[in-house]
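One structure is given below, encoded as structure tokens.
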Amino acid sequence: MSGIEPLFREEHDAYREAARRFVSEVIAPHAEDWEKARDYPRDLFSKVGTAGFFGAKFSDEWGGTGPDFAAEAVWIEELSRGLTYGTAADLGAHSQLASLYVDRFGDDDLKNRYLRPSIEGSKLGALAITEPGTGSDVNAIVTRARHDGDEWVITGSKVFITNGSWSDYVVLAARTGDDPGHENITLFVVEADSPGFDRARMDLIAWHTSHTGELFLDDVRVPDENRLGDVGSGFRHIMSNFQWERLMMALSAVTLAQLSLETGLAYARERKAFGRPIIGFQVWQHRFADLATRIRTGRALTYRALRLHIAAETGTSVPRAELVRLTSMAKLHTQRLAWQAADECVQVHGGAGALMEYPAQRLWRDTRVGPIGGGTDDIMRNIIAATMGLGAA
Ligand SMILES: Cc1cc2nc3c(=O)[nH]c(=O)nc-3n(C[C@H](O)[C@H](O)[C@H](O)COP(=O)(O)OP(=O)(O)OC[C@H]3O[C@@H](n4cnc5c(N)ncnc54)[C@H](O)[C@@H]3O)c2cc1C
């Protein structure tokens, strides 16, 4: 359509082509084996890094090829087609969370030590906010960082840390003062081989290949130069980065919903009942028509939020409330949609939907955690309501 600036330009089409080829050659052929083994080779990170797919949103000063957030969105969409979502989640936690925090809030020294090797894929990162006692209420974290000379001494524990059971470092939120206010939360880059740092892999219903971990810190000493941002700036930084994280989750959820639609349709065309293909029944035509409509709505909403992000990143003044509202709406809409699409996909498979050998079950399990991670549906509703002037987030 003339007059409307396209979201993706010609160079993004070439980038999509390269990303699709990489995922179909390096990831998708192994998805089944990795899922069965509940594991994948750690050197996948260096393969992604060497191919340049960790670099799109970062400046070439640190080894990136950007910043180009539209290219990053392309990578996320293509990666989600690899059908091993735990693997995609680990790669995402490393790049969309840990690396991005270091880029946004770290000084040159931290960027040299952590961002550069993260973009190369030679150093793995994770983001650790959630604790056994609190997730939605970030301000209620109790992990404590005590100042001691030019070091901080950190004690506490974290749970559900994607990529956290094998990462080399974690960007970790800790309380740096006794006052319960959120001006007492600070971020640190903590080396996973520090004395007093222990961890274990968690067993999830979904994301079977993911190295999701619980972390235990017992008087872990962290030098002050590993503090990420000012003392007390952590809560603000977490809230601002949530927007990008939720947008990336929305992009991948739309792709997963589309995959469920395609997978379900392919089966419905093949499988016969009462002498005709399942897709010959109008009830299934309508269900797929509904799904296609909702996926289109989800993509339009998500792309609109992406446009606002790109505009804000490139210096255009964007109303903050609108960016937060659209991102929260996109996250809320697409995470449920992805799971409901996968549920339809399981249903159209009949008994085959209950078999582990079909991909429908994996789509169904893997999309179920979407409405929980990165802020639950209810938290999204609270935020949207607050932007409408209806109570506090
Ligand atoms: C697969 C997965 C990966 C994750 N990865 C990471 C990670 O990499 N790093 C990290 O730090 N965390 C991670 N998390 C944690 C995630 O962010 C939290 O699980 C999530 O924020 C919810 O917190 P919670 O589990 O403590 O639930 P709770 O906060 O205890 O919530 C329980 C229920 O109460 C509801 N509820 C809570 N408060 C309100 C309210 N004010 N109004 C209405 N309802 C409310 C919630 O919606 C939810 O349904 C991950 C979680 C999962 C499942």
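We count ligands from 1, going down the list as the structure has it; atoms in each ligand are counted the same way. All values derive from a computational prediction rather than experimental measurement.
Contacts with ligand 1 closer than 4.0 Å are made by backbone heavy atoms (N, CA, C, O) of Leu127 only, the side chain lying farther away. Residue-level proximity to ligand 1 for Thr134 is carried by the backbone, the only part with a heavy atom below 4.0 angstrom. Here Ser136 has heavy atoms under 4.0 Å from ligand 1 in both its backbone and its side chain.
Distance check on atom 33 (C) of ligand 1: every protein heavy atom falls at or beyond the 4.0 Å cut-off. Note that atom 30 (O) of ligand 1 has no protein non-hydrogen atoms nearby, at separations under 4.0 angstrom.
Ranking protein heavy atoms by distance to atom 19 (O) of ligand 1, first place goes to Ile372 CG2, 3.9 Å. For atom 3 (C) of ligand 1, the closest heavy atom belonging to the protein is Thr162 OG1, 3.4 Å. With respect to atom 1 (C) of ligand 1, the closest heavy atom belonging to the protein is Trp207 CZ3, 3.6 Å. When hydrogens are left out, the protein atom nearest atom 49 (O) of ligand 1 is Asp378 OD2, 3.7 Å; that is the closest non-hydrogen contact. Shortest contact from atom 24 (P) of ligand 1 to any protein heavy atom: Gly135 CA, 3.9 Å.
Among Ile379, Val138, Asn163, the residue whose heavy atom lies closest to atom 39 (C) of ligand 1 is Ile379. Considering each of Tyr85, Phe160, Phe242, the one bringing a non-hydrogen atom nearest atom 5 (N) of ligand 1 is Phe160.
In this structure, the ring of Tyr169 has its center no less than 6.0 angstrom from the ring center of Phe197. Here the two rings, on Trp166 and Tyr40, have centers that are under 6.0 Å apart.
The backbone N or O of Ala206 sits nowhere less than 3.5 Å from a side-chain atom of Asp366 that would complete a donor-acceptor pair. A donor-acceptor distance shorter than 3.5 angstrom exists from the side chain of Arg199 to the backbone of Ser167, with no hydrogens or angles considered. Although no hydrogens or angles enter the test, the distance criterion places a donor-acceptor pair under 3.5 Å between the side chain of Ser118 and the main chain of Tyr114. At distances below 3.5 Å, not a single donor-acceptor pair connects side-chain atoms of Asp90 with backbone N or O atoms of Ser210. Within the 3.5 Å criterion, the main-chain N or O of Asp179 finds a donor-acceptor partner in the side chain of Asn184.
Remark: the Glu131 side chain and the Thr143 side chain contain an N/O donor-acceptor pair separated by less than 3.5 Å.
Qualifying salt bridge (charged side-chain N to carboxylate O under 4.0 Å, His left out) partners for Arg104, counting only residues two or more places apart in sequence or in other chains: Glu313.
Between Leu97 and ligand 1, a contact under 3.5 Å exists for no N or O pair.
In summary, the atoms of ligand 1 found under 4.0 Å from a heavy atom of Thr130, numbered by their order in the structure, are 10 (C), 11 (O), 12 (N), 13 (C), 14 (N), 15 (C), 16 (C), 17 (O). If you number the atoms of ligand 1 from 1 as listed, the ones under 4.0 Å from a heavy atom of Asn382 come out as 40 (C), 41 (N), 42 (N). Atoms of ligand 1 lying under 4.0 Å from any heavy atom of Thr376, numbered from 1 in the order shown and given with element: 22 (C), 46 (C), 47 (O). With ligand atoms numbered from 1 in the order given, ligand 1 contributes 17 (O) to contacts under 4.0 Å with heavy atoms of Gly374.
For the pair Arg246 and Phe242, the cation-pi test (distance below 6.0 Å, angle within 45°) is passed.
Ring planes of His309 and Trp244: perpendicular class, angle over 60° (limits at 30 and 60°).
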